[in-house]
Asks: 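For reference, the structure I am asking about is given below.
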There are 2 protein chains.
Amino acid sequence: MNQEDTSQATRIQVIDRAASLLDAIARYPDPVSLKILAAETGLNVSTAHRILASLIQNRFVEKDAASHYRLGLRLLQLGVRLHGNVDVRAIARPIMEDLRDRFGESVNLTIREGDSVVYIEKATPNRMIHVQQLIGARAPLHVTAVGKLMLGAAGEDAIRAYAQRTNLPAYTRNTITTLPGLIAECGQALARGYALDNEEAEMDVGCIGVLIHDGTGNVSAGLSVSAPIARRRLEWVEDLMEAGRTLSAQLGYSVQAVF
Amino acid sequence: MNQEDTSQATRIQVIDRAASLLDAIARYPDPVSLKILAAETGLNVSTAHRILASLIQNRFVEKDAASHYRLGLRLLQLGVRLHGNVDVRAIARPIMEDLRDRFGESVNLTIREGDSVVYIEKATPNRMIHVQQLIGARAPLHVTAVGKLMLGAAGEDAIRAYAQRTNLPAYTRNTITTLPGLIAECGQALARGYALDNEEAEMDVGCIGVLIHDGTGNVSAGLSVSAPIARRRLEWVEDLMEAGRTLSAQLGYSVQAVF
DNA sequence: CATATGTTTTCATAATACGAAAATACGTCG
DNA sequence: CGACGTATTTTCGTATTATGAAAACATATG
């Protein structure tokens, strides 16, 4: 009598519903009415109302004078406390700002989650035209510079498994969609220490990415510059790699292991 | 048979429990075991396990190889999309960084929530010793510079009600704990356009704060510098007020209304 | 003022989340 | 290596809990 369960495990209905309400609210830039939220989530109005009331009590949601709902501050409070990443972000910020000023382009910090990279921090320049990435946004590994490095670091078997799972969907006509092509690209990128994204995620956008390692030697994040393809300069590679080394060092990474 | 309900309204058990699990996880800097989480929240292990599994499916929580739990990226994703405040933060950041460089001290952006101010953005200097405020942290209105301005802007009746509700708890020996004292202080602060905090929240910490207004003329946030009291300079007041005016203007506030 | 539209509350009911206990996994020490 | 202690995960009958239809209430609209 229920819809197919996305992942077969035992789900908790209310939590799934609460999550979809939060998503629905997030989708709108302005506070949203109960009516709309109920419609968007397919919930009965009274159910939606009750769940929202509970979310309000827990400060995940706020309600304004007109009974319109918006996200609550508890989310911010929890969001900035994300394990470990909080350190990377704090440490990375000055470095990112420096790069942004040097290049005059957007600099992003990403981490891997599943088969995606997630943007966790950004520094954007004051130019009219620059590449904008929303914090929390995601992109598949094989269409981003940092993602390809992460795949390379994960090894050939992992790349095969990734390709199998995702089928390497194309985002632009430059997206790498063949397994041999991806393996070659990731390996090469890893070997030279940086990766390029030549309009593979979006036309007219080019990136350069490097990996960040933490104290235990694991890949903990990725640092990248994104620019309109015509403005991207390969001269940035050196600065970017240097910044990556600095950041990794500040996280306790020592390069010795390589030799 | 149940515990007293904190707020008499109809609560949803699972959501309350999920929220307290999230809080428990947030309390620890490192990933936490199920055992501990169950103990902290007073939940049955199997219940905690089930709820956590659901939170994981919804990406609010992650589980590492050792079955230890940490906060998930969905929180970040949602946290940065907070209505409206997202604008203030984005617009304020460069201004805050400028002030930080000018003063060499921590600059904070706060908003009011209930009887507290909540820190929503900060810019910290590179000095060894500086005042640290965690984003999402809270402080009562009457012990902070910005809070006193907000009280002043809310009017004398509101101050009375606030005093009644909170009883004006003392945080240091400088905290204002009398109603007449608070009314006088808030009124004066509002009139001159800035407020001081002279070690009222924490000994050795002094602040200067100003209000930020949005396009509709409402108080939307507060901007403040925090410094070790010995380093705080009243000369900063002008710069800070100017920054506040700039920020308010960028949010669409026009001063004309005052006259 | 009447009508329409949206929000909030109520309440009987069925479905849902509960938790004790069993099963499984993981270490650790003799 | 095997046996014991500890933590995690799964199972399953049951009672509690969340559900949603409908009624009451609030707010806009013509």
Side-chain angles (χ1 to χ4, degrees), chain A residues 1-22 24-25 27-28 30-72 83, chain B residues 1-22 24-25 27-28 30-72 83:
Chain A
M1 193 173 275
N2 241 337
Q3 72 266 45
E4 313 302 302
D5 28 3
T6 326
S7 52
Q8 76 285 36
T10 163
R11 316 213 59 162
I12 295 187
Q13 194 186 53
V14 208
I15 292 183
D16 291 350
R17 289 175 165 184
S20 73
L21 279 169
L22 289 174
I25 296 175
R27 238 174 274 135
Y28 289 81
D30 292 314
V32 208
S33 75
L34 175 64
K35 176 90 182 299
I36 293 180
L37 289 176
E40 286 259 334
T41 55
L43 294 173
N44 181 302
V45 259
S46 93
T47 302
H49 182 263
R50 185 161 21 83
I51 295 176
L52 285 167
S54 171
L55 291 173
I56 289 171
Q57 288 174 331
N58 285 291
R59 306 203 306 120
F60 289 117
V61 168
E62 293 171 8
K63 183 160 65 162
D64 65 19
S67 281
H68 286 190
Y69 298 86
R70 60 178 168 198
L71 297 178
H83 157 80
Chain B
M1 192 172 276
N2 242 337
Q3 73 266 46
E4 312 301 300
D5 29 3
T6 325
S7 54
Q8 77 287 38
T10 163
R11 317 211 59 160
I12 295 187
Q13 195 185 55
V14 209
I15 291 183
D16 290 350
R17 291 176 164 185
S20 71
L21 279 169
L22 289 174
I25 297 175
R27 240 175 273 135
Y28 289 82
D30 293 312
V32 207
S33 74
L34 173 64
K35 177 92 181 297
I36 295 180
L37 289 175
E40 286 258 334
T41 54
L43 293 173
N44 181 302
V45 260
S46 92
T47 303
H49 183 263
R50 185 161 20 81
I51 295 176
L52 285 167
S54 171
L55 290 173
I56 289 172
Q57 289 173 333
N58 286 291
R59 305 205 304 121
F60 288 116
V61 169
E62 295 172 7
K63 186 160 62 161
D64 65 17
S67 283
H68 286 191
Y69 298 85
R70 60 177 169 202
L71 297 177
H83 157 82

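Keep in mind that this is a model prediction, so the values were computed, not measured. Letters A, B, ... mirror the listed sequences (proteins, then strands); counts begin at 1.
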Asks: Tell me whether B/Asn44 contacts the main-chain N or O of B/Ser46 through its side chain, where contact means a donor paired with an acceptor under 3.5 Å.
Replies: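 Present.
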Asks: Rounded to the Å, how far apart are A/Ile56 CD1 and C/dT7 P?
Replies: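 Result: 12 Å.
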Asks: Using only modelled atom types and a 3.5 angstrom limit, is any donor from either the side chain of A/Ser46 or the base of D/dA22 paired with an acceptor on the other?
Replies: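 Result: no qualifying N/O pair found.
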Asks: I want to verify a distance call: between D/dT9, D/dA21, C/dG19, whose nearest atom is closest to the B/Thr47 side chain?
Replies: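 My answer, after comparing the listed nucleotides, is C/dG19.
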Asks: Could you give the CZ-to-P distance, from B/Arg50 to D/dT8, as a whole number of Å?
Replies: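 It works out to 16 Å between those atoms.
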Asks: Taking only side-chain N and O atoms of A/Gln13, does any of them lie within less than 4.0 angstrom of OP1 or OP2 on D/dT19?
Replies: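 For D/dT19, OP1/OP2 do have a side-chain N/O of A/Gln13 under 4.0 Å.
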Asks: Using a 4.0 Å heavy-atom cut-off, does A/Leu34 contact any base of the nucleic acid, only the sugar-phosphate backbone, or nothing at all?
Replies: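 Base contact.
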Asks: Compare the minimum distances between each of D/dT9, D/dG20, C/dT8 and the side chain of A/Arg17, then state the nucleotide with the smallest one.
Replies: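 Nearest to the side chain of A/Arg17 among the choices is D/dG20.
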Asks: For the CD1 atom of B/Ile25 and the CD atom of B/Glu62, what is their distance to the nearest 0.5 Å?
Replies: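 The distance works out to 10.0 Å.
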Asks: When the distance from CG of B/Leu43 to P of C/dA17 is rounded to whole Å, what number comes out?
Replies: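 From B/Leu43 CG to C/dA17 P: 15 Å.
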Asks: Can you tell me the distance, in whole Å, between the CG atom of B/Asn44 and the P atom of D/dA7?
Replies: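 After rounding, the reported distance stands at 15 Å.
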Asks: Just report the end-to-end axis angle for the helix from C/dC1-D/dG30 to C/dG30-D/dC1, five pairs per end, to 10 degrees.
Replies: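 Angle reported: 40°, given to the nearest ten degrees.
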Asks: I want to verify a distance call: between C/dC18, D/dT8, D/dT9, whose nearest atom is closest to the B/Ser33 side chain?
Replies: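 So the side chain of B/Ser33 is nearest to D/dT8.
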Asks: Heavy atoms under 4.0 Å, any strand shown: does A/Ser67 hit a base, just sugar-phosphate, or nothing?
Replies: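 Sugar-phosphate contact only.
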Asks: What is the distance, to the nearest angstrom, from the CD1 atom on A/Ile51 to the P atom on D/dA18?
Replies: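 Distance, rounded to whole Å: 10 Å.
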Asks: Tell me, do A/Tyr69 and A/Leu55 make a side-chain contact under 4.5 Å, heavy atoms counted?
Replies: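 Result no, sub-4.5 Å side-chain heavy-atom pair not found.
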Asks: Of A/Ala66 and A/Ile12, whose nearest nucleotide on DNA chain C comes first from the 5' end?
Replies: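 This one resolves to A/Ala66.
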Asks: Counting only side-chain nitrogens and oxygens, does B/His49 get under 4.0 Å of the OP1 or OP2 atom of D/dT9?
Replies: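 It does, given that an N or O in the side chain of B/His49 lies less than 4.0 Å from OP1 or OP2 of D/dT9.
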Asks: Given atom NE2 of B/His68 and atom P of D/dT8, what is their separation to the nearest angstrom?
Replies: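 Interatomic distance, NE2 of B/His68 to P of D/dT8: 6 Å.
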Asks: Just to confirm, is there a sub-4.0 Å distance from OP1 or OP2 of D/dT27 to any side-chain nitrogen or oxygen of A/Lys35?
Replies: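 Checking A/Lys35 against D/dT27: no side-chain N or O falls below 4.0 Å of OP1 or OP2.
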Asks: For B/Asp16 and D/dA18, give me the distance from atom CG to atom C1', rounded to whole Å.
Replies: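 Going from B/Asp16 (CG) to D/dA18 (C1'), I get 13 Å.
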Asks: Quick one: which of C/dA17, C/dT7, D/dG20 gets closest to the side chain of B/Val14?
Replies: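 Per side-chain heavy atoms of B/Val14, the pick is C/dA17.
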Asks: Nearest whole angstrom, please: distance from the P of D/dT17 to the CZ of B/Arg11.
Replies: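 B/Arg11 atom CZ is separated from D/dT17 atom P by 14 Å.
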